[in-house]
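Here is how names work: the chains are called A, B, and so on, in the same order as the sequence lines, proteins then strands, and each is numbered from 1.
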Amino acid sequence: MIKLYNTLTRRKEELKTREAGKVYMYVCGPTTYNYIHLGNARPIVVFDTVRRYLEYRGYQVIYVQNFTDVDDKIINRAKEENMDAIKLAEKYIEEYFEDADALGVKRADYHPRVTEHIDDIIDMIQTIMDNGYAYEVDGEVYFDVRSFPDYGKLSRRDLDEMRAGARVEVDERKKDPLDFVLWKPAKPGEPAWDSPWGKGRPGWHIECSAMSLKYLFNGFDIHGGGYDLIFPHHENEIAQAEACTKEAPFVRYWMHNGFITVNQEKMSKSLGNFFLVREILDKFSPDVVRFYLLSTHYRSPLDFDDQKLEMNAKGLEKLKNTRARLWELLKGNVVEDVVLEGENRRTYQAVQEARRKFEEAMDDDFNTALGIAVLFEISKEINNYINQRDFYLGKQQVKVISECQKLFDQLGKEVLGIFDLDAGNQVGDSGLEEFLIELLIDVRQQARSKKDWNTADYIRDRLAEKGIILEDTPQGCRWKRG
RNA sequence: GGCGGCAUGGCCAAGUGGCUAAGGCAGAGGACUGCAAAUCCUUUAUCCCCGGUUCGAAUCCGGGUGCCGCCUCCA
């Protein structure tokens, strides 16, 4: 049974999907006027992992992530760069994919863009107006928050209390200061589309309501995003969607991730304390970044600095080493069905137990931190198993090792997505490089057998300079890229 | 001003009533090794403070202190 924390009810609830075996899921994507920073990357990776786990659990996940490709920030940026706004947005969509792909984020089933859904948005605004929840003033359409009694139910805000303390700019044309724009008129030179209210473009919030309803239909399962979207963005999404369909709930479960902080302060564009994903990827490999993002529960804040990434890099390295050992041992061996005894049986059972514990952790509101801890524990058991004095690769052992490998691949690679992310950096050559490394290892082994330590160490040191790490084991020398 | 969150060993971080408070990083010692690396073993916490509830609390309640977030674009 999967439980998840629902922001709407402020408690963990059992996941009961609209349709058996299917999860319809929407995650707010970036406004594409710049490269994404680490704070943007967190929800992307977190919800990608939620999706992967649901799929591991046998659900078919219909996953939608939008791009906001027309908006004030894009228009301003385009002016600065003397560029067409739509083209600028498109450029950064491409850049987005480069970063997200690097972090091992699976593509959504749909990546809808605002500019491709203007008609849907206009239709929706019209319906909201027809239903009496919006009004037009001078080519501008506002949502009438006072007409929607449930307004504030997600963020637990009371309209009257908010009005008292808020520094909301007063626009005389609005009925209430909190009324928000559904459609705004375009100034000359700005991207604009024809509408019943004149040339203009959609307000920010309406797109997500329109596109999620279009692809996932009313009453879909999970809607995700950062904490800072609860108000006003998601509050407004609910108001728009339910004012349009006249049916609640628009969404069954609302999930929100905590912030990335720098020196305990929120990383944000307005504070200027942000780090671009690609800046970080210059210094750390993508699997480390992903591992770091999953090392804390998704609802907690996560502080960023290089030292923390280095810590995580060391931890991840440990898991990768164990996994590499499994691959080496299994190479060329065929698994047969045999009865397991003694240590083999015990280790096999420990692997089953680890899987159970991992699932238990992830079932409980996607506790990736605990799930990772389970991998560390089983990793230690596996190493102990292989380290046994009398260990040899018989049929029983092959079966056990194969089970270990399956565990690592399913939980670590498939669900958490933390393995094999740097594969792209290891540009495949003709195999010549591998051949030469093996050759040098061979020469070194000969030197070692003659106790020619100088030559042996020279080869090892020189290869280390190029990031090739040699490790001598009882089974011979193994190497890896560091 | 309104609303909300957090405070666990040197650092990061699970754990929301009950066996000896997970796991990672760092440190110390040891095993293994030609030396390393990798791996393993050993070792470091009365859970911000005060009061309360309870047979029993890191975990619930009240108060305090500190930090952070939302209320305006922000993942």
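- Nucleotides B:rC60 and B:rG56, compared at atom C1', are 13 Å apart to the nearest Å.
- Base-pairing analysis of RNA chain B finds the following stems of at least three consecutive Watson-Crick or G-U pairs, with both pairing distances under 3.5 Å: B:1-7 with B:65-71, B:10-12 with B:23-25, B:27-31 with B:39-43, B:48-52 with B:60-64.
- Counting any heavy atom pair closer than 4.0 Å across all strands shown, A:K269 reaches sugar-phosphate atoms only and no base atom.
- When heavy atoms are screened at a 4.0 angstrom cut-off, A:R11 is found touching no nucleic acid atom at all.
- In this pair, A:W254 and A:F250 present their aromatic rings tilted. The plane angle is within the 30 to 60° band.
- Distance NZ (A:K308) to P (B:rA26): 15 Å, rounded to an integer number of Å.
- Side-chain atoms of A:Q445 and A:R448 form a donor-acceptor pair, as typed in the model, at a separation below 3.5 Å.
- Checked against B:rA38, B:rC74, B:rC35, the side chain of A:E471 finds its nearest nucleotide in B:rA38.
- Among the candidates A:N312, A:L416, A:V105, the single residue satisfying the side chain to side chain contact (heavy atoms under 4.5 Å, CB included) test with A:R290 is A:V105.
- Taking atom CD of residue A:E360 and atom P of nucleotide B:rG15, one finds them 12 Å apart after rounding to whole Å.
- Going from the P atom of B:rA13 to that of B:rG24 covers 16 Å, rounded to whole Å.
- Using bins of under 30°, 30° to 60° and over 60° for the plane-to-plane angle, the ring pair A:Y215/A:H117 lands in the perpendicular bin.
- Contact annotation for A:D472: base contact, defined as any heavy-atom pair under 4.0 Å involving a base atom.
- Across the interface with RNA chain B, nearest-nucleotide mapping of A:E317 and A:G225 shows A:E317 to be the residue nearer the 5′ end.
- As rounded to whole Å, 11 Å separates atom C1' of B:rA75 from atom NE2 of A:H223.
- For B:rG15, the OP1/OP2 oxygens have a side-chain nitrogen or oxygen of A:N367 closer than 4.0 Å.
- Among the heavy atoms of the strands lying under 4.0 Å from A:G258 is at least one base atom, whether or not backbone atoms are also near.
- Dashed line: the shortest gap from a side-chain N or O of A:N387 to OP1 or OP2 of B:rC40 is not under 4.0 Å.
- Within 4.0 Å of A:R299, counting heavy atoms only, lies no atom of the nucleic acid at all.
- Of the N and O atoms on the side chains of A:E359 and A:Y56, at least one donor lies less than 3.5 Å from an acceptor on the other residue.
- Within 4.0 Å of A:L470, counting heavy atoms only, lies at least one base atom of the nucleic acid.
- Taking atom CD on A:E237 and atom C1' on B:rA75, their separation rounds to 13 Å, with Å as the unit.
- Screening A:I382, A:L375, A:D420 against A:R323 for a side chain to side chain contact (heavy atoms under 4.5 Å, CB included) leaves a single residue, A:D420.
- Screening A:F67, A:Y26, A:Y110 against A:M211 for a side chain to side chain contact (heavy atoms under 4.5 Å, CB included) leaves a single residue, A:Y26.
- Between the CZ atom of A:R389 and the P atom of B:rC40 there is a distance of 15 Å, given to the nearest Å.
- Annotation: B:rA57 and B:rC19 have their C1' atoms spaced 16 Å apart (nearest Å).
- Residue A:K12 is tested with A:D363, A:D365, A:D364 for a salt bridge (Lys or Arg N to Asp or Glu O under 4.0 Å); the sole match is A:D364.
- With both ends at atom C1', the span from B:rG9 to B:rG27 equals 13 Å, rounded to whole Å.
- Across all strands shown, A:S268 has heavy atoms under 4.0 Å from base atoms, whether or not it also approaches the sugar-phosphate.
- Here the CG atom belonging to A:L281 is positioned 5.5 Å from the CG atom belonging to A:L103, to the nearest 0.5 angstrom.
- Proximity note for A:S270 (side chain, C-beta onward) versus B:rC74, B:rU39, B:rA75: the nearest is B:rC74.
- At the heavy-atom level, A:G39 lies under 4.0 Å from base atoms of the strands shown.
- Remark: the separation of the P atoms in B:rA7 and B:rA58 is 15 Å, to the nearest Å.
- At the phosphate of B:rA75, OP1 or OP2 sits under 4.0 Å from a side-chain N or O atom of A:N40.
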Please list each protein N or O that sits under 3.5 Å from an N or O in nucleotides 19-25 of chain B, with the distance.
unit_1: B:rA22; atom_1: O2'; unit_2: A:E377; atom_2: OE2; d: 2.9
unit_1: B:rC25; atom_1: OP2; unit_2: A:K318; atom_2: NZ; d: 3.2

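- Looking at the side chain of A:W204, the nearest of the listed nucleotides B:rU39, B:rG34, B:rC73 is B:rC73.
- Residue A:F358 contributes atom CZ, which lies 15 Å from atom P of B:rA14 at whole-angstrom precision.
- Nearest nucleotide to the A:R460 side chain, out of B:rG34, B:rU39, B:rC74: B:rG34.
- Using atom C1' as the reference point in both B:rA38 and B:rG69, the two lie 43 Å apart (nearest Å).
- Across all strands shown, A:Y227 has no heavy atoms under 4.0 Å from either base or sugar-phosphate atoms.
- Side-chain proximity of A:R157 to the nucleotides B:rA38, B:rC71, B:rC73 is greatest for B:rC71.
- Per the geometry, CZ belonging to A:R323 stands 18 Å off C1' belonging to B:rU39, to the nearest Å.
- Each of A:H233 and A:Q264 was matched to the nucleotide of RNA chain B holding its nearest heavy atom; the match closer to the 5' end belongs to A:Q264.
- For the pair A:I280 CD1 and B:rA75 C1', the computed distance is 14 Å after rounding to whole Å.
- Among the heavy atoms of the strands, none lies under 4.0 Å from A:D303.
- Here A:E98 contributes atom CD and A:I36 contributes atom CD1; the two are 10.5 Å apart, rounded to the nearest 0.5 Å.
- Judged by centroid separation below 5.5 Å and plane tilt below 30°, A:W453 stacks onto the base of B:rG34.
- Between A:K357 and A:E353 there is no salt bridge, since no side-chain nitrogen of the basic residue lies less than 4.0 Å from a carboxylate oxygen of the acidic one.
- On the P atoms, B:rC12 is 37 Å away from B:rU54, given to the nearest whole Å.
- Residue A:H297 places its side chain closer to B:rA14 than to any other of B:rA14, B:rG69, B:rC73.
- With 3.5 Å as the limit, one finds no donor-acceptor pair spanning the side chains of A:D48 and A:Y63.
- Residue-level contact check: A:N257 touches the bases, meaning some heavy atom is under 4.0 Å from a base atom.
- Between A:H111 and A:F97, the distance separating the two ring centers is shorter than 6.0 angstrom.
- No engagement by A:L271 is indicated, since no non-hydrogen atom pair under 4.0 Å with the nucleic acid exists.
- On the P atoms, B:rG2 is 36 Å away from B:rG18, given to the nearest whole Å.
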